[in-house]
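Here, residue 1 is the first one in the sequence, and each next residue gets the next number. Just so it is clear, the structure is predicted and the values come from calculations on it, not from any experiment.
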Amino acid sequence: MAFLMLAILIILLCVSYFAGKRNLLSPWFLLCLAVFLPYIIILCNWENWNVQISGIFVLYVTTALLAFGCGMLIITKLFRKTTAKYPENSVVTVKKSELYGTNPSRKRYPTNSLLLISLVCTVLYVLKLVMDVGLSSSLSTMLRNIYNNVVNNNYSPGFVFNQMREIITAIAYISLFRFLQELFSNKPYKTFIRLAVPILLFIVLAIMSSDRNIFLRFAIYAICMYVVFFQHKSKNMRYANKQIVFRVIILLMIVVVIFFLMGKAKQYSSDFTRAISIYGGSGLYNFNLWLQKFDGELYYGASTFSTFINLLNTLLSPFGAQIQGVADIARFDEMIIFTSPNGYVYVSNIYSAMYPYVQDFGYFGVIIFPFAIGAFYGFLFERAKKRNNAFSWLIYCLLIYPIVFFAIAEQLIRRFHLGFVYEIVWCAIIYYFACGRGRISKKRIVSLPKGECCKCKE
């Protein structure tokens, strides 16, 4: 079964690649890749984990991937119908000013202002975290205390400081976009350092807050935005993909090393291979183990939507009303302790995104939810391609991380929180004031076959 699953994943990876017109940012391709890579990690731990893949695991995972692909392809077909007014052999391209901001008449990017805001917010936020746990003899001890305060006491610095955190994050997102914009438009390097400082301040924030997930989300966004700019610069998609894959591998290696060092900074004891194996592969393997013990008791939406149910119960509690659902789910999932016959032990609290779907509706859960999510991301992807401007791609790359996390944890519905909404709102606000509403033109240049004139269409 283990190698059957591997063969299926390879086939789906190839199918999704060509179904997405060789676009490496196609959501179905990204999902298949996001499941394929953790599965490779599982196979690499064959002996230590005593890997035994069940038939039901193969069925459920395959169904989820196919359902997601169907949802995306349906939306893609609908979008293609709406753009049928363009000739089939025409090529829709974008003015450089739309993506690279080369029009000198547009307002100047406020590099210094955003740097100052990010610096002030970072200093205040870090001081708040340190004051709430107290000074320690070493940085690693202090980081561990901050982490324990979050995990054990469900710590939050408060609304104002949480907004500072979202502002720092949003400025880092926009600064990276601007950095890439200038890099690919071959502008002078004089502003690069000032654009890099807010990004470094964000990394300091991620380290001090002991939250490695916000760093991973930023890294996913950064890599996707890099691919967007590279694709727009290249004329040959197939040749561009070869270059992109090589560069992305290097970027991923850097991200993985930083992620590991952030764990060591808060006194994690795992070595490099063990840390990556547990974080990257144990979620999918834990889902395989859990499926073999699943008793069939269904929650009919209460597990997947537990965050919303808990929020509504909090709002309704003063009125004495409650919504019946699963018992309150902690901020971190229950630990799974796995012991291999050879004595290898790992403890992991990371589940696959498919776990709550199956809890709610059994086998139909991996049809319903992946199909709906595939349609949602298919809409975002096709909309970004159709509008083909910077802000549309920025939003798509900002929202893509739940797909990459699919094999590790549910990050779209079950982990939805107000902080995520604030992050998107602050990104939109800062982008508007930094880049300007008129910075992205809505006009597209349609290159028609030889012998016909070119027209600009709205």
Could you go through the side-chain contact (heavy atoms from CB on, under 4.5 Å) check for Trp28 and Leu73 one step at a time?
-> CA-CA 9 Å; Trp28 191 21; Leu73 292 176; 4.0 Å; yes

Test Tyr377 against Ile75 for side-chain contact (heavy atoms from CB on, under 4.5 Å), laying out the working first.
-> CA-CA 9 Å; Tyr377 277 102; Ile75 295 298; over 6 Å; no

Kindly indicate, with the supporting measurements, whether the criterion side-chain contact (heavy atoms from CB on, under 4.5 Å) is fulfilled by Met164 and Ile167.
-> CA-CA 5 Å; Met164 288 184 183; Ile167 290 173; 5.6 Å; no

Please assess Val130 against Met208 for the test side-chain contact (heavy atoms from CB on, under 4.5 Å), listing each intermediate value before the final yes or no.
-> CA-CA 9 Å; Val130 173; Met208 294 302 299; 4.1 Å; yes

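Within 6.0 Å of CD1 on Ile337 lie no more than 12 heavy atoms contributed by other residues, nucleotides or ligands.
Between the side chain of Asn288 and the backbone N or O of Ser54 there is at least one donor-acceptor pair closer than 3.5 Å. Remark: side-chain polar atoms of Ser26 are not paired, donor with acceptor, to backbone N or O of Asn23 under 3.5 angstrom. Distance alone, capped at 3.5 Å, is enough to place a donor-acceptor pair between the Tyr285 side chain and the Gln52 backbone. No donor-acceptor distance shorter than 3.5 angstrom exists from the side chain of Tyr125 to the backbone of Ser209, with no hydrogens or angles considered. Looking only at distances, no side-chain donor or acceptor of Gln292 sits under 3.5 Å from a matching main-chain atom of Phe294.
Shortest non-hydrogen contact noted between Ser277 and Asn45 is OG-ND2, 3.2 Å. Nearest approach of Pro110 to Ala434, heavy atoms of both residues: CD-O, 3.5 Å. Asp360 and Ser303 make their closest contact through OD1-N, 2.9 Å (heavy atoms, listed as atom of the first residue, atom of the second, distance). Smallest separation of non-hydrogen atoms from Tyr431 and Leu394: CD1-CD1, 4.0 Å. Pairing each heavy atom of Ala172 with each of Pro198, the nearest pair is CB-O, 4.0 Å. Of all non-hydrogen atoms in Pro38 and Leu284, the two that sit nearest each other are CB-CD2, 4.3 Å.
Aromatic ring centres of Tyr357 and Phe364 lie farther apart than the 6.0 Å criterion allows. The distance between the ring centers of Phe215 and Phe259 does not fall below 6.0 angstrom. Taking the six-membered ring for Trp and the full ring otherwise, Tyr346 and Trp49 have centroids separated by under 6.0 Å. Centroid-to-centroid, the aromatic rings of Tyr401 and Tyr221 stay 6.0 Å apart or farther. The six-membered or imidazole ring of Phe29 lies near that of Tyr17, with a centre-to-centre distance under 6.0 Å. Aromatic rings from Phe3 and Trp46 are positioned such that their centres are separated by under 6.0 Å. With ring centers used as reference points, Trp426 lies 6.0 Å or more from Tyr422.
No side-chain heavy atom of Val61 sits less than 4.5 Å from a side-chain heavy atom of Tyr39. Using a 4.5 Å heavy-atom cutoff, the side chains of Gln359 and Thr304 are not in contact. The shortest side-chain heavy-atom distance between Ile40 and Leu6 falls under the 4.5 Å cut-off. Counting only heavy atoms from C-beta outward, the side chains of Lys242 and Phe246 never approach each other to under 4.5 Å. By the 4.5 Å heavy-atom criterion applied to side chains, Phe161 and Asp132 are not counted as neighbours. Between Val228 and Tyr396, every side-chain heavy-atom pair lies at or beyond the 4.5 Å cut-off. The side-chain heavy atoms of Phe369 and Ile413, taken from C-beta on, include a pair separated by under 4.5 Å. Side chains of Ser175 and Tyr109 form a contact here, defined as non-hydrogen atoms less than 4.5 Å apart.
Relative to the ring axis of Tyr344, Arg274 places its NZ or CZ within 45° and under 6.0 Å from the centre.
Applying the ring pair (Phe, Tyr, Trp, His ring centres under 6.0 Å) test to residues at least two apart or on different chains, the pairs with a partner in residues 51-73 are Tyr60-Tyr363.
Atom CE of Met225 and atom CZ of Phe218 lie 11.0 Å apart (nearest 0.5 Å). Distance CD1/Ile171 to SG/Cys121: 6.5 Å, rounded to 0.5 Å. How far OG1 of Thr169 is from CZ of Arg165: 6.5 Å, rounded to the nearest 0.5 Å. One distance of note links NZ of Lys233 with CD of Gln243; it measures 9.0 Å at 0.5 Å rounding. From Ile8, atom CD1 reaches atom OG1 of Thr62 across 4.0 Å, with rounding to the nearest 0.5 Å. Rounded to the nearest 0.5 angstrom, Leu33 CG and Leu37 CG are separated by 4.5 Å.
Glu382 has no carboxylate O lying under 4.0 Å from a charged side-chain N of Arg387, or vice versa, which leaves the two without a salt bridge.
With 3.5 Å as the limit, one finds no donor-acceptor pair spanning the side chains of Tyr173 and Arg178. Judged purely by distance below 3.5 Å, without hydrogens or angles, the side chains of Asn112 and Arg194 pair a donor atom with an acceptor atom.
Using cut-offs of 30° and 60° for the angle between ring planes, the Tyr300 and Phe361 rings count as perpendicular.
Each of Phe406, Phe287, Trp290 was checked for a ring pair (Phe, Tyr, Trp, His ring centres under 6.0 Å) with Tyr355, and the lone residue meeting it is Trp290.
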